Every structure is written in C-alpha cells, then in structure tokens.
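Throughout, a chain's letter reflects where its sequence line sits, starting with A, and its residues are numbered from 1. Since the structure is predicted, the reported quantities are computational estimates derived from the model, not experimental observations.
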Amino acid sequence: MTPSLAPRRVILPVIYGIALLIAWEALAHSGAVSRLVLAGPLEIVVAGVRNWSELGFNAGVTLAQALIGAAIGNVAGLLVAICFVHWGFFRRAVFPLAILCEAIPVVAILPVLILWLGNGMAPKIFVAAFLSFFPMLVNAYRGLSNVDEEVRELLYSYSATASQMLWKVRMPAAVPFMFTALKLSACSSMIASLVAEWLASERGLGFLVVYYGQSYRVADIWSAAILSCLISLGLYGITAACERRALSRSSP
Amino acid sequence: MSSSLSGKLPEFGRFPERIGAILPPVVLIVALILLWSWSAGTGLLPKWLLPSPQAVLGEFSHHSATLLKHARMTAFEALGGFALGALAGAGGAFLLTLVPFLRDMLYPYALASRAIPIIVFTPLIVVMLGRGLVPIILIVAFATYFPVFLALLRGLNTLNADRMELLHSLSATPLQILWKIRLPSSLPMLFAALKVSASGAFITALVTEWIGSNVGLGYLVMVSGQYFKLATMWAAIFSASLMTLALLGLIVLIERLMGRYTSLATEV
Amino acid sequence: MRGPALSLAFEGRRPWHWMGLDIVMLNAFPDEATRVRAATLPAGLYADGIDVVFRRGSHSVQALKDCSLDIPRGSWATLIGASGCGKSTLLRVFADIVKPTAGTALLHGVSPAEARANRIYALVQQGSTMLPWRSIIDNVALGLEISGLPKSTRYARAEEALALVGLKGFEKSLPSELSGGMRQRAAIARALTLRPRFLLMDEPFGALDEITRDRLHFELLRILEETGATLLLVTHSISEAVILSDKVIVMTPRPGRISEIIEVDFGRGRTPDLRGDPRFVQYEAQLRRALHQPA
C-alpha cells in the first residue's frame with residue numbers, strides 16, 4: 001500500500017459514516033418516516049445512556065450464555081475431531097451425519113429444548129453450543145488431518161507415537177483452521193443466545209428487543225439491537241486479534 | 001508413490017470403496033432410529049418429551065395438508081430471500097471490485113458486517129413493516145447477502161499474479177479481467193458461501209417466523225410446542241431439515257457440474 | 001567447522017567406535033540386542049528379491065519386481081531412473097514406510113522395522129519438510145525430541161549439526177525466512193542429529209537451483225566422509241548420480257526393476273574439479289546409455 005493511498009482508505013470510510021449518520025438524523029426529523037418506526041441516532045444514544053443499567057444487566061446475561069455455549073461447543077467439537085483423526089471407523093460412521101446435522105436448522109428445535117430444559121439459561125447455552133460445535137468439528141478435523149505426506153513420513157521414520165504426532169504436528173497445523181471456527185462461533189453463539197431469548201424468556205438483550213418492540217419504544221429497540229451488534233463485533237474483533245497474534249509467528 | 005503411507009490406514013481394499021464409505025453412516029442412522037423407536041415404545045422416553053418415530057411419521061400422512069401449507073410459506077421465504085440476497089451480494093461485490101472509490105469507502109463496513117447479527121433487527125423490521133412475508137424475506141435476504149458479498153469480494157480480489165500478468169500483457173480491459181479471470185477464480189469461495197447461506201436462509205426464515213409471522217414451519221414448531229403437540233412439532237422440524245438438505249443438494253449439484261471451475265480454480 | 005564434525009563422528013569411548021563399527025546412537029537406542037547385532041554384522045544395505053505390489057480396490061500395480069542389491073557399509077549409492085520406475089518406493093522399503101510384498105531388506109543386518117524403531121537411519125525428503133511454526137533449531141531438533149532426549153542435549157546436538165551444514169546464526173529464524181537451499185541444509189542437519197548409520201535421501205536437491213545444488217553436493221560428501229555414514233540417494237539427475245556415488249543403480253519402469261549397476265570409481269576426497277575429469281564424461285555417457293536402453 002502506497003502511503004498516499006492509506007489516508008484515503010481511512011478518511012473516505014469516516015466521511016461516509018458521518019454523512020450516513022447526519023442523513024439518518026435528518027430523515028428522522030423530517031417527518032417523512034413515522035416517529036413510531038424510526039429513531040434518530042442522537043435519540044438512540046440518549047435512550048441507551050438513560051437505560052444503561054437495564055441494558056448492561058441484560059447484555060451480561062446474553063453474553064454469558066453465548067460465551068458458555070461457545071466454550072462448550074468448541075471444546076466438544078475439538079475433542080470429537082481428535083477422535084475422528086484417531087479412529088477411522090468412528091469418523092466414517094459419524095462424519096456424514098455430522099455434516100448432515102450442520103445443514104439442519106438446529107435453532108428450530110429450540111421450542112423442544114425449552115420443553116426439556118425449562119426457560120432458564122440452559123436451552124440458550126445448548127443452542128449456542130450446538131451452533132459452535134459443528135463448525136469447530138469440521139474445521140478442526142480438516143486442520144488436524146491437513147498434514148503433509150512428507151511430514152507424516154518423517155515422523156513415521158522417527159517412530160513417533162500417535163500422541164506425539166497429535167501434539168507436535170497435528171495441533172499446531174490445525175490452529176489456523178480452529179481460528180476460522182472460533183471466528184464463526186463468536187458471531188453464531190451470540191446470535192443463538194439472542195434469538196433463543198425471543199421465546200419464553202424474561203432476561204437478555206434478545207428478550208429486551210422483543211419487549212420494547214411490543215410497546216413500540218423505537219429508540220430503545222434500536223439501542224438494544226445496536227448494543228447486540230457491538231458486542232458481537234467486539235467478540236469477533238477479540239478473536240481476530242488473537243488469531244493475528246497466534247499466527248504472526250508462523251506465516252511471514 | 002507418495003500415497004504409500006495410506007497403506008497404514010484402515011484398508012479400503014477388502015470390499016468396494018463406495019460401500020465402505022456409505023455403509024457405516026447408514027448403519028448408524030438405522031441403529032439410532034431403532035433405539036429411538038425402542039425407547040419410545042418401552043416408555044423409557046416419556047411421550048411428551050419425544051414421541052415415537054411412528055407417531056411422527058403418522059403426522060406426515062394425517063396432517064400433510066397443514067404441513068404443506070406451512071412448508072410452502074417457509075420455502076417461499078427462504079428461497080426468495082436466498083435468491084434476492086445472493087443476487088444483491090454478487091452485484092455489490094462486482095460493483096466494489098470495479099469501482100475503487102466505492103471499495104475504499106465501504107470496505108471497512110463490509111468487513112465489519114460479517115460480525116453483525118442482522119437477525120436481531122427482526123423485531124425492529126416487524127415494527128416497521130408489520131408481520132408477514134415481506135419483512136421475513138428481507139431479513140433472509142440480508143442474512144444471505146453478507147456471506148455471499150464478502151466471499152465474492154474476497155474471491156474477486158484474491159489475484160493470481162501470473163494470470164493477471166498474462167491478461168495485462170494482452171492489454172485486457174478491467175471488465176474482461178473480471179469476467180475471464182476474477183470471476184472463475186472466485187467460484188470456489190462463492191460456492192462455499194452459498195452453501196453456508198443456504199442453511200442460514202432456512203434457519204433465519206424459521207426463527208424470524210417466531211415473532212414475525214403466523215404461518216410457516218417455524219411458527220408451527222413454536223405453537224405446537226406451546227400446546228405440547230410433539231408429533232406435529234417434530235414433523236415440522238424434519239420437513240424444514242429436508243427442505244434445507246434439498247437446497248444444499250441442489251447447490252452441491254451445480255458445483256459438481258461446474259467442477260472444471262470449482263475444483264481447478266482453487267490451485268493458485 | 002572441523003571440531004564439531006569430529007565430535008559427531010567419534011563421540012563415545014567404546015573400542016568398536018574407533019574400529020569403524022560404531023553405531024553412534026547412544027541415547028536413541030532402546031533395544032540393546034538389535035544394537036549389538038547391527039554393530040557386528042558386516043553388510044551395509046542389503047536387499048534380496050524385493051517385490052512391491054500396491055493394491056487399490058480391485059486393480060493392483062506392481063511397483064517393484066525382484067530387486068536385489070548389496071551396498072557395503074560406508075559407501076554411497078544412488079537410485080536413478082525415469083519417473084515411475086519405483087526408485088522412491090525402493091528407498092521407502094528401506095525406511096520401513098512401504099512393506100515389501102516379497103523379499104528381504106536389511107540395514108546393517110537388521111530389518112527396516114527394527115532400524116526405524118532404533119533410529120539407525122535418517123530420512124531426508126525432497127521438500128525439506130520444515131514445520132512452519134517451529135524455529136530452525138526446533139525443526140532440526142525434532143527427531144531428538146521425538147526420541148525423548150532432554151532439552152539441553154537436543155539443542156547441543158542440533159547446534160552442532162547446524163554448524164556442520166553452515167547454518168550457524170540461523171537457529172532462531174523461521175523456515176519461511178530462509179531460502180530453499182538453506183532449508184534443505186537444515187533438513188540434512190536434522191537427519192545428522194540422529195547420528196544415523198544410513199542417510200536415506202529422496203531427491204533431496206530436486207527443488208533447488210543448480211548453483212545451490214552444486215555447492216550442497218560437496219558439502220554432503222564432506223559430511224558423509226566425516227561421519228562415515230552409508231548413503232542411499234534417489235535422484236533423476238545424471239551428473240548428481242555420478243558425483244555422489246560409488247554405485248549407481250539404474251532402474252527401469254513398469255514394473256520397477258534394477259536393470260544395471262554402474263560402479264563409479266572416484267574414491268574419497270572428491271572436489272568440484274571432478275567435473276573436468278575425462279572419466280566423469282565417460283560415466284555420464286555410460287549412465288545415459290543405460291537409462292535409454294529399451295527394457
């Protein structure tokens with residue numbers, strides 16, 4: 001990137017963002033759109049600040065569900081992927097089913113889960129875990145088995161054991177693939193947690209959005225929805241930053 | 001010669017390879033269904049928790065008209081939104097690739113959009129547009145738009161230097177480069193994104209129906225859950241899964257048919 | 001550079017080390033009986049009637065047919081032939097990566113499986129096989145790490161080997177920061193850390209440019225002389241075969257067979273001037289004739 005282009009790539013998006021906000025604010029004040037539907041950015045910020053304790057508490061609930069679910073799902077996915085690598089028969093029986101399950105709209109069974117697990121945090125965590133599980137399984141398996149034939153021969157010539165192969169070669173080789181899954185799960189676990197709160201829930205940002213929607217508190221809906229986006233972006237950003245740090249050593 | 005180590009892996013050689021690949025999952029599915037049927041029959045699983053497979057199957061034959069009505073709605077939302085979103089995503093990616101000014105301006109937003117849970121805005125859009133078909137198609141379209149847009153944008157801008165040099169030496173126009181090099185090379189990424197958004201489209205349609213509609217399989221799942229009509233609920237879930245798999249199968253089929261682009265273009 | 005080389009070759013105080021019967025595998029040698037047997041048997045590399053048949057589903061391919069050879073310990077042999085002639089397969093039979101369908105292969109009188117378990121041989125592959133997330137020294141020490149040596153020994157030996165191949169000062173670099181030639185040197189260093197009696201090399205210089213290859217040839221010869229290791233090398237370069245061999249084993253494809261064995265009598269202490277020797281041209285011509293002979 002030439003130095004003369006770099007500022008352009010920063011300034012243009014900033015100008016665009018500011019222009020967008022101004023246009024939005026103007027549209028909200030112009031009366032062209034009903035006040036019952038559209039709130040201006042200033043109004044949304046004010047609503048968010050006024051409401052901060054309610055938003056904060058509910059955001060915490062949603063975030064906790066997402067994080068716990070993502071942790072469970074990713075660890076389980078990685079463990080199953082390791083089993084896939086070591087037990088070929090298990091993999092051949094289960095992998096096609098796993099790919100099938102990934103395609104299935106899992107979130108749709110949430111009403112069933114609420115029947116089974118009640119309407120507390122458990123079903124939301126379950127769905128978040130489920131959504132994180134399959135991407136991690138598929139990606140980690142791909143990474144763990146992404147070992148060059150020459151490397152396998154070399155380690156074989158050293159009579160390396162399966163666990164040496166796993167820890168010294170397979171796991172490091174799978175790190176980039178695992179980060180792909182983690183980035184996916186940063187967003188999907190948040191979505192799962194939010195959406196799961198639409199049904200039978202009294203807490204969480206997802207619940208808040210629906211609750212405000214029913215009472216037509218437009219600025220509050222916007223502030224809650226935007227806060228969810230910011231949290232999701234934050235999770236993604238943190239994961240991406242970890243990825244960059246972890247991979248900076250091995251790739252030039 | 002280089003595949004010599006595979007001799008150490010479990011041998012396919014004894015019986016035909018295809019059976020070796022197909023048999024285990026099929027056996028597993030059959031075993032799971034038998035286990036399910038058996039445990040439902042003995043009362044190990046209470047009926048309100050999981051009805052027997054026979055009951056779910058019966059639901060398909062007895063209430064096929066109801067299921068079909070809801071399924072048609074969901075299919076319409078998901079497919080319509082998917083098509084709309086994919087087209088818009090492709091258009092956006094082309095536009096940003098061809099117009100550097102737009103790319104510089106919008107690129108950070110495009111990147112950030114990957115992490116935005118667009119589905120959270122459902123209640124808002126329902127407030128704006130009311131319940132029904134339009135808001136759901138819009139949300140599905142948005143959910144499809146971003147993955148396709150990002151994948152294609154990345155694919156179109158991941159350039160193979162040799163191929164670019166070749167076209168440059170032939171003094172090709174930007175449009176020719178887009179059509180002859182960038183697009184074919186980006187097809188593998190595009191198909192990967194389409195597959196992800198295909199199941200995403202159905203998930204989004206089903207979930208938005210919870211609060212945005214009173215027809216559709218997602219709505220049916222929710223309502224039958226509330227009235228403890230478990231057989232209906234599972235029948236609806238299975239119908240939704242089958243539709244998702246059908247769309248996925250279609251995309252995979254197209255990908256296979258275009259195998260010349262989708263498998264060779266990956267080797268850069 | 002002479003110092004560490006000597007210590008590599010003559011470490012250990014037992015009498016047979018001085019008599020050239022050394023198996024300098026002090027730590028990586030779990031099986032005492034194999035070690036003694038290997039140390040007292042005279043042969044170097046020995047193969048008798050090796051057949052290899054690869055089976056894929058219903059059809060099978062005969063990769064090697066009735067291959068026999070006998071290479072004395074400490075000498076250098078090259079496998080050469082058109083692609084598909086099974087030269088890599090034959091090398092992999094000695095490395096215990098491919099199991100022969102019929103026939104016997106021995107390294108110092110022990111089977112490839114025992115040789116692998118006791119790390120008597122070291123493998124160098126075409127693509128240098130560096131793990132990209134490990135520094136050069138960690139890559140070089142990988143074999144010792146797998147055999148469970150303590151860290152200090154590992155690093156000491158890896159540094160010795162790196163000095164031997166002229167990579168001192170690059171210990172902390174990543175493979176991606178080195179040129180192809182330097183990575184290949186690191187791969188040779190990694191093989192040397194095991195203090196192998198045999199170097200099994202599969203087109204180790206195939207991916208390098210000719211200038212680098214030329215320099216590495218004579219570095220390899222110097223190392224081989226210093227360590228006294230036996231060499232089996234796969235190549236498709238005629239001049240490489242002449243430079244690096246006492247015996248060139250010519251193979252023909254479909255099925256892979258040994259068609260001719262040509263003795264190259266350049267002795268030890270070979271230098272780049274070798275290329276100017278009239279015999280060099282004769283050997284090359286002889287080899288070319290053997291390679292182009294109709295099967």
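If you look at A:Phe95 and A:Phe84, their ring centroids are closer than 6.0 Å.
Remark: the C:Arg73 side chain and the C:His108 side chain contain an N/O donor-acceptor pair separated by less than 3.5 Å. Using modelled atom types, one finds a donor on one side chain and an acceptor on the other under 3.5 Å when comparing A:Arg91 with A:Tyr141. Inspection of the C:Thr235 and C:Glu203 side chains reveals no N or O donor paired with an N or O acceptor under 3.5 Å. Looking only at atom types and distance, the side chain of A:Thr62 has no donor-acceptor partner in the side chain of A:Gln65 under 3.5 Å away. Counting only N and O atoms by type, the side chains of C:Asp138 and C:Tyr155 include a donor and acceptor under 3.5 Å apart.
Residue C:Leu123 touches chain A through both its backbone and its side chain, counting heavy-atom pairs closer than 4.5 Å. Only the side chain of A:Gln164 comes within less than 4.5 Å of a heavy atom in chain C; its backbone stays farther off.
Along residues 170-194 of chain A, the residues that come nearer than 4.5 angstrom to chain C, judged on non-hydrogen atoms, are A:Pro172, A:Ala173 in order of number.
Here C:Glu171 pairs with nothing under the side-chain hydrogen bond (donor to acceptor under 3.5 Å, both in side chains) rule; sequence neighbours left out.
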